[in-house]
Structures are given as C-alpha cells and as structure tokens.
Number of protein chains: 2
Amino acid sequence: MSPTPQERRAARHQLGAGPNTSGARRGPGGRRRPITVDAIIDTAFGIVEREGYEALTMRRVAAALETGPSSLYAHVVNKEDLDELLIGRLCAGIDLPEPDPADWRRQLIGVCTQLRDQYLRYPGISRAAFAAAPSNLDTLRVSEGMLALLLAGGIEPRAAAWALDALVLYVNAYSLEVSMVNSRLAGGEQHWVVGREELMRRFAALPDTFPHTKRHAAELTAGTVPDRFDFTLGLMIDGLGGARRDA
Amino acid sequence: MSPTPQERRAARHQLGAGPNTSGARRGPGGRRRPITVDAIIDTAFGIVEREGYEALTMRRVAAALETGPSSLYAHVVNKEDLDELLIGRLCAGIDLPEPDPADWRRQLIGVCTQLRDQYLRYPGISRAAFAAAPSNLDTLRVSEGMLALLLAGGIEPRAAAWALDALVLYVNAYSLEVSMVNSRLAGGEQHWVVGREELMRRFAALPDTFPHTKRHAAELTAGTVPDRFDFTLGLMIDGLGGARRDA
DNA sequence: TGTGGTCACGAACACCGTTCTACTCCAGAA
DNA sequence: TTCTGGAGTAGAACGGTGTTCGTGACCACA
C-alpha cells in the first residue's frame with residue numbers, strides 16, 4: 001500500500017495530488033523507531049549543517065540512524081533522489097510574499113536572500129541544487145513566487161522568465177562558491193585560500209603584466225561577501241529596466 | 001633539480017617568474033615516453049572532451065597513459081591540483097582583446113563567450129572552475145583582461161571589480177548547468193530531464209496553485225540556451241550603466 | 001665500473017554508491 | 001491459537017574512487 005520510492009519520486013515531479021502519506025507509522029510497542037523518509041531527510045540535514053555537503057554519505061546517514069546503508073534504499077531511490085528531497089524541503093521553507101507592485105524589487109531581493117541564507121546554512125548543498133530538475137514541485141513553487149514578483153513589477157513575460165533563470169542560477173552559484181571558500185578556510189590548516197590582506201598583498205606584488213589588477217588591488221578585495229551579493233542582484237534587476245511592459 | 005609537484009603548484013600561485021621548464025625531457029633511446037605534466041593534462045582533456053568531467057579519474061588518466069594511478073602523483077599533487085591545471089590551461093587559451101573604449105561591451109561579451117565555449121567543449125569542467133583559487137596566474141590573466149575592458153568602459157573601479165566577479169561566476173554556473181543537462185540527456189535512456197515541449201505541456205497541466213507558470217509556460221520554455229546567455233550578460237552589463245565613472 | 005637518485009609501478013587502505021540475499025517481525029486469515 | 005505472507009531491516013559483497021607505501025628498474029655521473 002505504501003508507495004515505493006520510485007512512485008513517490010514520480011509524484012514529486014508530475015502532480016502534487018498525492019495523498020501525502022504523512023502518517024509516520026510506528027510500532028505500538030515502540031521497539032525501535034522505524035526508518036522514514038522524513039527521518040532520513042532530517043538526519044541528512046543535520047550532517048550537512050554540521051560537516052558540510054561533502055560529508056553527506058549514504059553510509060553516514062545510515063550510521064546516524066544506527067543501521068546499514070542498504071536500509072535507506074527502501075525509502076529513497078538514490079543519492080540523487082536524496083539530494084532532490086533535501087532541496088525540496090529547503091525550498092518548501094521559503095516565504096513567498098504577496099506581490100506588491102510598489103515594492104517588488106525589495107521583495108524579490110528578499111526571496112533571493114532567503115534562498116542564499118538557507119543554502120549557506122547547509123554548506124555546499126547548493127551543489128545539489130544545480131542538479132535538481134526544474135519539474136520538482138517544491139522548487140517550482142519558489143519559481144512561481146519569484147515569477148509573480150517580476151510580473152507584478154511590470155516586466156515583460158519573456159524577460160521575466162529569463163531573468164528568473166538568471167537570478168536562481170546566480171544565487172546557487174554564489175552560495176556554492178561561498179560554501180567552498182568557507183569550507184576550505186575551516187578545513188585545511190594551511191590551505192591555499194588566503195585572507196583578504198594576504199590576497200591584496202599578493203595582487204600588489206604581481207608582475208607588470210597585470211597593471212589593472214595591481215593598481216586596483218584594494219577595490220578587488222574590498223567589500224564584504226554579502227555586499228557583493230546585493231550588488232549583483234541590483235545589477236541584474238536594474239538591467240531589467242528596459243524590459244518594462246509599460247515602457 | 002626538477003621541481004616537485006608542490007613547488008610547481010606554489011609557483012603557479014605566487015609568481016610567474018619560474019623558468020617554465022618546458023623542455024619535455026625524454027630518453028634518447030625513446031624506450032617509452034616518460035610521463036610529464038603536460039602529457040597528463042593532455043590525456044585528461046581528451047577524457048573530459050570525450051566522456052565528460054565525471055569520467056575524469058586518476059585511474060582513467062593513468063590507464064590512458066598505460067601506467068598505474070600512483071605514477072601520476074610524482075607529477076601532480078592531487079586531483080584538485082589536476083583540476084587546477086586543467087582550468088589554467090583552458091584559461092591560457094583565451095584571447096584577450098586590446099580594450100577599445102568604443103566597443104568594450106561587445107569585447108567583454110566576446111571574452112565571456114570564449115570562456116563559455118571552452119567550458120562547454122569539455123563538459124562539466126566548470127565544476128572544477130568553481131574550486132579554482134583566484135590566485136592562479138592563468139585565471140588571473142583572464143580576470144585582468146576583463147577588468148581592463150570594464151575600466152576602459154569607464155566603469156568605476158569598485159563596481160568593475162564586483163561586476164567582474166559576478167560575470168565570471170555566472171559564466172561558470174551557466175556552463176555547469178548546461179553541461180549537466182546535456183549529459184543527462186545523452187546518458188540516461190529515460191531520464192528525468194524532459195524535452196521542451198514535454199516541459200511546456202507539464203507546466204500547462206499544473207494545478208491552479210501555479211497561475212503564472214501555467215499562463216506563461218510558453219515564455220518560460222522559449223528561447224535557445226545561448227539566447228539566455230546573451231540576455232543575462234546584457235542584463236548585468238546594462239545594469240552597470242549607473243556606475244560610469246564619468247556619470 | 002660502481003653508485004646515487006629519480007622515476008615508475010603493483011599492492012594496499014579507507015572510503016564511496018549500490019545490490020543481493022537472508023532474516024525478522026507483525027497483520028490478518030483460517 | 002496457529003499459520004502464512006509480505007513489508008521492512010540489515011549484513012555481506014561488488015565495483016569503483018583518491019591516495020600512500022614500499023619496492024624495483026633505470027640512467028647520469030663520479
């Protein structure tokens with residue numbers, strides 16, 4: 001009766017009319033809490049939050065659940081499937097505002113910032129977001145919300161659709177890069193990632209083949225990381241100015 | 001006398017004043033061509049070009065060189081190091097135009113397009129570009145060239161530096177996503193990636209919770225993939241309009 | 001001719017995702 | 001109450017990964 005993992009995955013991509021099957025069944029005697037998809041997702045999130053996406057392994061999840069790796073495959077098709085479930089739940093937690101035509105830019109930036117913060121909370125998970133198919137219902141929900149904001153801002157539908165793609169892609173890429181740099185800063189003792197002042201010193205010490213990089217070493221290394229995020233989002237959204245429907 | 005792989009890596013990041021050591025040493029009797037860093041890079045590129053970045057394995061490279069995996073570690077520190085070498089050589093092949101203040105936008109788009117085409121020629125290799133440190137001299141050369149174009153366009157240095165980051169990040173992300181979709185289209189027989197018409201049909205069949213996605217299914221799936229690339233680049237570069245130095 | 005050092009390579013270690021197969025345990029039928 | 005079937009669990013194993021260790025061959029030079 002309970003659907004096989006493959007069926008659940010299909011439902012996730014096709015139509016959300018599934019019965020949801022949220023009744024977490026457990027034995028009355030409570031001998032040992034049975035493995036559920038939700039339990040798998042929870043422990044997976046815990047691992048990623050603590051040790052990063054690189055550490056997210058089927059074996060690690062199974063060990064945290066005090067079982068063997070093979071037990072997971074009764075609930076999850078794949079590691080790829082697990083990734084998709086994680087991205088889905090992450091997207092499900094995003095607040096989508098009611099579009100306000102007078103404030104759509106700030107609203108849009110707010111959604112992107114929520115996404116970024118969630119991605120950064122689980123370092124490296126945006127790598128899984130790259131692989132997530134666009135037909136997943138949870139990610140589609142976020143896309144729909146962002147599309148609504150763009151349309152409320154009077155952006156022409158075709159430009160809105162393409163800008164949506166660009167924004168989502170940038171948020172993913174930004175989060176992935178920040179996560180990678182952070183993890184290398186934390187993990188390696190004497191790794192190749194260097195601090196800002198060291199990077200600036202190194203830029204200034206470059207040969208004369210790099211005149212602009214040398215001269216503007218200060219600007220190149222200036223600004224906090226979130227500053228750059230806001231800057232780029234502004235860049236893209238302001239670039240949409242020419243694509244207004246009423247223009 | 002010949003530098004250890006670690007020393008070569010350090011030289012790659014610190015100063016390009018190294019003697020280059022391009023003399024591919026080989027035995028006069030020519031019993032068997034010795035393994036060189038260049039030979040490793042060449043065969044690695046071949047593998048990625050033919051079978052994608054996922055197939056790039058130390059063992060695969062070693063097998064193509066008719067040796068064991070451990071033989072590579074005398075010339076290359078790591079797989080990460082090999083990745084960096086690949087990105088470096090790829091960047092070394094990029095043509096950087098002499099900045100023309102009247103044509104800097106087209107020139108900049110041209111450089112980005114070159115990067116994209118190289119990334120797409122070696123599917124999935126942009127994943128390695130994400131991990132490449134910005135202190136690599138070859139990637140720095142490309143950054144320098146793009147920075148020169150932005151400055152020639154009269155963009156304020158700080159905005160130019162941040163826009164540079166944003167552009168490079170977007171090109172990487174775009175290439176990675178396109179590569180992933182392509183590989184899934186080619187590899188899986190009945191995979192989850194669906195064609196455009198099927199995706200549009202599925203969008204149109206969504207429940208009423210997705211009104212905008214339903215209504216604009218045509219726009220959402222319209223346009224070729226390179227069209228979207230040019231659109232986003234234009235978005236970002238046009239958004240720079242307000243950051244002109246002379247404005 | 002000897003010798004030292006560089007390089008190559010087979011074997012092994014610890015991991016990974018995934019599958020096969022046996023086994024437990026409980027719900028429902030007789 | 002007993003039997004039976006099936007769902008869920010788990011151990012062992014397969015083929016793959018990056019990386020290291022120790023051994024061995026080879027060539028340039030003293």
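All chains are named by letter (A, B, ...) in the order of the sequence lines, taking the proteins before the strands, and each is independently numbered beginning at 1.
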Practice task
Would you check if there is a donor-acceptor pair between the side chains of B/T232 and B/Y174 at a distance under 3.5 Å?
Solution key: no
Handout entry: Integer-rounded Å distance: C/dC15 P and A/E51 CD
Key = 13 Å
Problem - B/I40 CD1 to D/dG18 P, straight-line distance once rounded to whole Å - result: 13 Å
Practice task
Report the distance from atom CE of A/M58 to atom P of D/dG11, rounded to the nearest whole Å.
Solution key: 18 Å
Problem - Side chain of B/S71 (C-beta onward), nearest among D/dG18, C/dC16, C/dA8 - result: C/dA8
Exercise for the section: Measure the distance from CG on A/D81 to C1' on C/dT18 and round it to the nearest whole Å. Expected result: 14 Å
Handout entry: Between B/Y73 and B/N78, a side-chain donor and acceptor under 3.5 Å
Key = no
Handout entry: Toward the 5' end of DNA chain D, by each residue's nearest nucleotide, A/P69 or B/P69
Key = A/P69
Handout entry: Candidates C/dA8, C/dC20, C/dA12 - which lies nearest the side chain of A/S70
Key = C/dC20
Exercise for the section: Looking only at side-chain atoms of B/T57, point me to the closest of D/dT17, C/dG17, C/dC9. Expected result: D/dT17
Fill in the blank from the handout: Between CG of B/L82 and P of D/dG18 the distance, given in whole Å, is 10 Å
Practice task
Taking only the side-chain heavy atoms of A/R60 (C-beta and beyond), determine which of C/dC9, C/dC16, C/dT18 contains the nearest atom.
Solution key: C/dC16
Fill in the blank from the handout: Of the candidates D/dG18, D/dA10, C/dT18, the side chain of B/Y73 sits closest to D/dG18
Practice task
Please check the phosphate of C/dC7 (OP1 and OP2 only) for any side-chain N or O of B/H75 closer than 4.0 Å.
Solution key: no
Problem - Lys/Arg N to Asp/Glu carboxylate O, B/E144 vs B/R141, below 4.0 Å - result: no
Problem - Residues A/E54 and A/R127 bridged, charged N to O under 4.0 Å - result: no
Problem - Donor/acceptor link under 3.5 angstrom from B/R59 side chain onto base of D/dG16 - result: no
Practice task
Rounded off to whole Å, could you give me the CD-to-P distance for the A/E66 and D/dA10 pair?
Solution key: 9 Å
Exercise for the section: Return the value, rounded to whole Å, for the distance between atom CG of A/D83 and atom P of C/dG17. Expected result: 10 Å
Problem - Below 4.0 Å: OP1/OP2 of D/dG18 and any side-chain N or O of B/N78 - result: no
Practice task
Answer yes when B/R201 and B/E197 have at least one side-chain N-carboxylate O distance shorter than 4.0 Å, and no when they do not.
Solution key: no
Exercise for the section: Provide, to the nearest angstrom, the distance between the CG atom belonging to B/L72 and the P atom belonging to D/dT17. Expected result: 13 Å
